[in-house]
Amino acid sequence: MTTLRLRGGRVIDPANGVDGELRDLVLRDGRIVALAPGEAATEEIDIGGCVAMAGGIDMHTHIGGGKVNLARLLMPEMQRAGPNPIALPDNPLELASCGGCAPGTLATGYRYVEMGYTAAFEPAMMACNARHTHMEMGDTPILDHGAYVMLGNDELFLEMLSRGADFQRIRDYVGWTINAAKAMGVKVVNPGGISAFKFNQRKLDVDENHVHWQVTPRQVVHTLAKALRELGVPHPLHIHGSNLGVAGNIQSTLETIAALEGLPAHLTHVQFHAYGSEGPKKFSSAALQLAEAVNAHPNVSIDVGQIMFGQTVTASGDTMRQHAQSGLASPRKWIGADIECEAGCGVVPFRYRDQNFVNALQWAIGLEIFLLVDDPWRVVLTTDHPNGGPFTSYPHLIRLLMDRSFRAEQLARLHPDVATNAALNAITRELSLYEIAIMTRAAPARLLGLKDRGHLGAGAAADIAVYREDADREAMFATPAYVFKDGALVARAGRITAVPVGGTHFVAPDYDRGIETMLRKHHAAQGGVNFDQLAIGHDELCGCCNGGRLLPAACFETAS
Ligand SMILES: [Zn+2]
Ligand SMILES: [Zn+2]
């Protein structure tokens, strides 16, 4: 049996309180192990001059499901944009796959792994489209994956909430949906707002009634957050709040936090939800207000959704907000879609410009949020790929956070009003490697309830990224020297060396099966899919996922 020792590297493992100590890591049977006294390794790699961290975990990235495919379909020019787009890769282990802001599944896997990431989570899976989402993620090589199922804009949930159905029944419906879709959690997008748009409402504030169902986003958020806690799902409600992208939306964001009444929740891509309406352009940074609220609410975690300048394509379940943004599409084309009235979908190509005041300020707001929230365990590094920018920009983002003079240089190039007036100018904090390791692996693992990922303690999965020390943190994080997945060397100096199939993370909370009688009736009357075919079984999930391993995460013990 092979026992591999990585010798002489600096280990950064925040989950175990290890900050840069020189220590060896030993890998056996896909796990990190502690050698018994006198026991020798059968192989060794010298990683002197390198930093070793757990594999990166992206907890919010659009890599599977209907709208990513629509984004690819809408932007063929991006797929052709590479220097030699139709050439076969020079690496025989890689199959041809297009790049760009919404890369194909294969390129998604290769590019993530080359950067030291070993897991990625799709945040917006429709229950009726869950098979497609799992198949697409299963087609993504090497990376482990999972998805959050969308609830809160579906007819059945809103109808139950509206008629004052028993909370236990709603909770059981949520539990059934997570099980049927093989999800890792639940995401609510513009709570109630996607549905309200179908009744011609063009906005929905936190305490505003849905014209048809007469329920408010506050009720939707609170009910779902409570249901997930009662079901014992480790990842709390994943919230894409009301009024995404709207000047002054900090009010909605603060009200959403208040609506939780202390229940745990994760607010996603908060950069898009931290806008004031001050100043001559009626658009200002509310990063400080947001950070103060997060600092004051230990029940809340966030990911940022940093924007990066250049071409991308935004793909969101938020049809209401994407419709509102469609006039800004660049190039000028967009898609709005829906299936089964479960939620919605809007795909709008977008180019973030550094000389545009709003875009430049959005860039500054994202960085301000990263740097103003005190507790790195509650801030996850994301660009909401591809909405704020492609995930391939993470090394650049890490340098911006770690290197104050580099940040000042970039800021000075932006629209002059932002370059001179942004609060970012006064922020001196530089994140440490330890804090970056928290935001990119340890915190997402903890927030998702992945006990054997995101850390390097004995027993953890041997998902490891080894980066060669470099003062230029962008160069350092772009091309790790070695990347291991479940103990196998999968990338070396930016070149893929093995392509194992990734596993699927999901949770299976317990619920009262009695709810199925009502669901069967509902689907017979309202649905286009036969109820008996909705739920995905374990064998089928394995088939969907290209034969990858099933990785169920344990739920919390609940009081009930
Ligand atoms: Zn979202
Ligand atoms: Zn997103």
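Bear in mind that the values here come from a model prediction, so they are computed numbers and not experimental data.
Each salt bridge (Lys or Arg N to Asp or Glu O under 4.0 Å) pair with one or both residues in residues 294-305, not counting sequence neighbours, would appear here, but there are none. For residues 417-435, the salt bridge (Lys or Arg N to Asp or Glu O under 4.0 Å) pairs, not counting sequence neighbours, are Lys281-Asp417, Arg429-Glu435. Sorted by first then second residue, the ring-ring contact (aromatic ring centres under 6.0 Å, His included) pairs that include residues 366-390, not counting sequence neighbours, are His385-Phe391. Judged as a ring-ring contact (aromatic ring centres under 6.0 Å, His included), the pairs with a partner in residues 49-71 (not counting sequence neighbours) are, in order, His60-His62, His60-His238, His60-His269. The list of salt bridge (Lys or Arg N to Asp or Glu O under 4.0 Å) pairs with a residue in residues 194-207, not counting sequence neighbours, reads Lys198-Asp338, Lys203-Asp205, Lys203-Glu208, Asp207-Arg218.
Every residue was checked against the salt bridge (charged side-chain N to carboxylate O under 4.0 Å, His left out) condition with Glu255, not counting sequence neighbours, and none meets it. Take Gln322 and apply the side chain to side chain donor-acceptor pair (under 3.5 Å) test, not counting sequence neighbours, and it matches Thr314. With sequence neighbours excluded, the residues satisfying side-chain contact (heavy atoms from CB on, under 4.5 Å) with Ala475 are Asp470, Asp472. Residues satisfying the salt bridge (charged side-chain N to carboxylate O under 4.0 Å, His left out) test with Glu342, not counting sequence neighbours, are none. Residues satisfying the salt bridge (charged side-chain N to carboxylate O under 4.0 Å, His left out) criterion with Glu368, sequence neighbours excluded, are absent altogether. Evaluation of the salt bridge (charged side-chain N to carboxylate O under 4.0 Å, His left out) rule for Arg453 yields Asp144, Asp463, Asp486 as partners, not counting sequence neighbours. For the ring-ring contact (aromatic ring centres under 6.0 Å, His included) test, residues two or more places apart in sequence or in another chain that qualify with His396 are Phe406.
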